[in-house]
Each structure stands twice: as structure tokens, then as C-alpha cells.
Amino acid sequence: MTKVAPSILSADFSRLAEEVKRVEAGGADLLHIDVMDGHFVPNITFGPPVISSLKGKTDLPFDVHLMIENPERYVDDFIEAGSDIITVHVESTVHLHRLINYIKNQGIKPGVALNPSTPLTGLQYILDDVYMVLIMSVNPGFGGQTFIPGMIEKIKKLKDIVQQTNSKVLIQVDGGINEDNSPEIIKAGADILVAGSAIYKSSNPGNVIKKLKR
Ligand code: DX5
Ligand code: ZN
């Protein structure tokens, strides 16, 4: 069954705990937390203190998507803050293998994210070490963008690799996902759908989550 990870990027930050409870009650599987540093992406969101302030307010696992340069500098802070999954961009660090294995050895599930223009070939030597691969279906930085159609083929190719190698790695897709395009994305091979604006801009987030899983 496909899992849905609402992104709090589109939530009302002034009522963050309530906004998290709203999607938890609506059937969310994970809480997607978008961290942006204004360098790796042209936007700034929040850091470890905001994440740790949500601990104890929800039972949802924290799926932390780091869109920051040199994530190895801050990874301990995000572990400390209560992350369950930490996803780093392959484009953001030179020593990706070291970082992924460091995260794993701390008992946290490591993920790797690929920008739309980044080929799958970079995954070859790390696939066995990661819990999930995040395919960005928009250029990272902002919520509410349009899904890039060419990413369907990329998801399919990754799914083929996963099946051919008997890998247990999960495929997460992030950006521009809504009720209309989710069937095609799931069919292509997505295991986890991230959705921000589609869920938070709705008056009935639970309904959207249910439809996304269909
Ligand atoms: C984009 C973020 C996404 C974003 C998704 O940089 O990584 O998680 O919040 O938002 P929507 O669903 O609105 O595209
Ligand atoms: Zn994200």
C-alpha cells in the first residue's frame, strides 16, 4: 500500500502542532519535514529546534528532507532533534557514502534525494546502504510547483533497478503531487508520496490523503 507523507512546508507555521495533528488524524503515514538553508536551495525554512519542538506532539515518524549544503556538518543536530529518516541530496555532499553510513550507524534510516536533472547512475554504489531514494519531481526550494512529467520515466527506471537487484529500497516521490497525477506516479513505482500544498490547502486533508493512496 502506498504511503503518504504530508509536507509541513505548506502548513500554517503559527499553528504547527495542530497542523501536524490534522494530517495525523487524516491518515498520514510519515511527516515530511523540508529543511532549506538558502544555499543549496533559494529558500530558507527551519532547523533542528523547530523539529524537536514537535516531538511528543505526534506519533508520526519524522521524515526529514535536508536541502542544505554539506549536510554532514549538521546531521548530528537533526538526529538529536528526533529524526526517524534523514534524507540528504546526492548533489550536496562529496562524501555521500560516508554520510549515509554514519546516519545508519546512529540507528536512523538514511535516504538519498536526486534533483530532477541528476541521473540515477550515481546510486549504483550506495543503493544497498539506503532505506529510500527520493526522486524530486520539482526543482527543490518551494511548495506548490508543477510536477515535471519526465520524472515518470525516471521513477519507472528506478523501480526496474530495485526489482532487478532485489533491493528493499523504497521509492519516495516529492513535488507537485495531487489527486490527479498520483495514480500514474504510483503505477510508475512510487512507494511513498510526499504532498504539501495538495494536502494543506484542502479543507479536508484526510480526504486528500485517502485519494492520494488510491
Ligand atoms: C520542495 C519540497 C517538497 C514540497 C512539496 O522543495 O521538498 O517537499 O514541500 O510541496 P508540493 O506538494 O506543494 O509540491
Ligand atoms: Zn521534500
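One-based numbering, in listed order, for ligands and for the atoms of each.
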Please test D34 against S7 for side-chain hydrogen bond (donor to acceptor under 3.5 Å, both in side chains), starting from the C-alpha separation and ending with a verdict. CA-CA 7 Å; D34 286 308; S7 163; 2.6 Å; yes
Pairing of K109 and D84 as salt bridge, 4.0 angstrom limit: no
H89 vs H65 aromatic rings, parallel, tilted or perpendicular, using cut-offs 30° and 60°? parallel
Test side-chain hydrogen bond (donor to acceptor under 3.5 Å, both in side chains) applied to E69 and S92, step by step: CA-CA 5 Å; E69 273 177 14; S92 68; over 6 Å; no
Using a strict cut-off of less than 4.0 Å between a Lys/Arg side-chain nitrogen and an Asp/Glu carboxylate oxygen, indicate whether D12 and R15 qualify as a salt bridge. yes
Taking the Zn ion (ligand 2) as the center, what protein N, O or S atoms are found at less than 2.8 Å? H32 NE2, D34 OD1, H65 ND1, D174 OD2
I'd like to check Y200 versus R22 (side-chain heavy atoms, cut-off strictly below 4.5 Å). Are they in contact? yes
Ligand-protein N/O pairs under 3.5 Å (ligand 1):
from, atom 1, to, atom 2, distance (Å)
ligand 1, 6 (O), G141, N, 2.8
ligand 1, 7 (O), D34, OD1, 3.0
ligand 1, 7 (O), H65, ND1, 3.3
ligand 1, 7 (O), D174, OD2, 3.0
ligand 1, 8 (O), H32, NE2, 3.4
ligand 1, 8 (O), D34, OD1, 3.2
ligand 1, 8 (O), D34, OD2, 2.7
ligand 1, 8 (O), D174, OD1, 2.7
ligand 1, 8 (O), D174, OD2, 3.0
ligand 1, 9 (O), S7, OG, 3.1
ligand 1, 9 (O), D34, OD2, 3.1
ligand 1, 12 (O), G196, N, 2.7
ligand 1, 13 (O), G144, N, 2.7
ligand 1, 13 (O), S197, N, 3.0
ligand 1, 13 (O), S197, OG, 2.5
ligand 1, 14 (O), G176, N, 2.8

Do Y125 and H97 have ring centres separated by under 6.0 Å? no
Count the heavy atoms of every other residue, nucleotide or ligand shown that sit under 6.0 Å from NZ of K187, and state whether that count exceeds 12. no
Apply salt bridge (charged side-chain N to carboxylate O under 4.0 Å, His left out) to residues K3 and D191 and explain how you reach the verdict. CA-CA 6 Å; K3 289 183 162 42; D191 301 298; over 6 Å; no
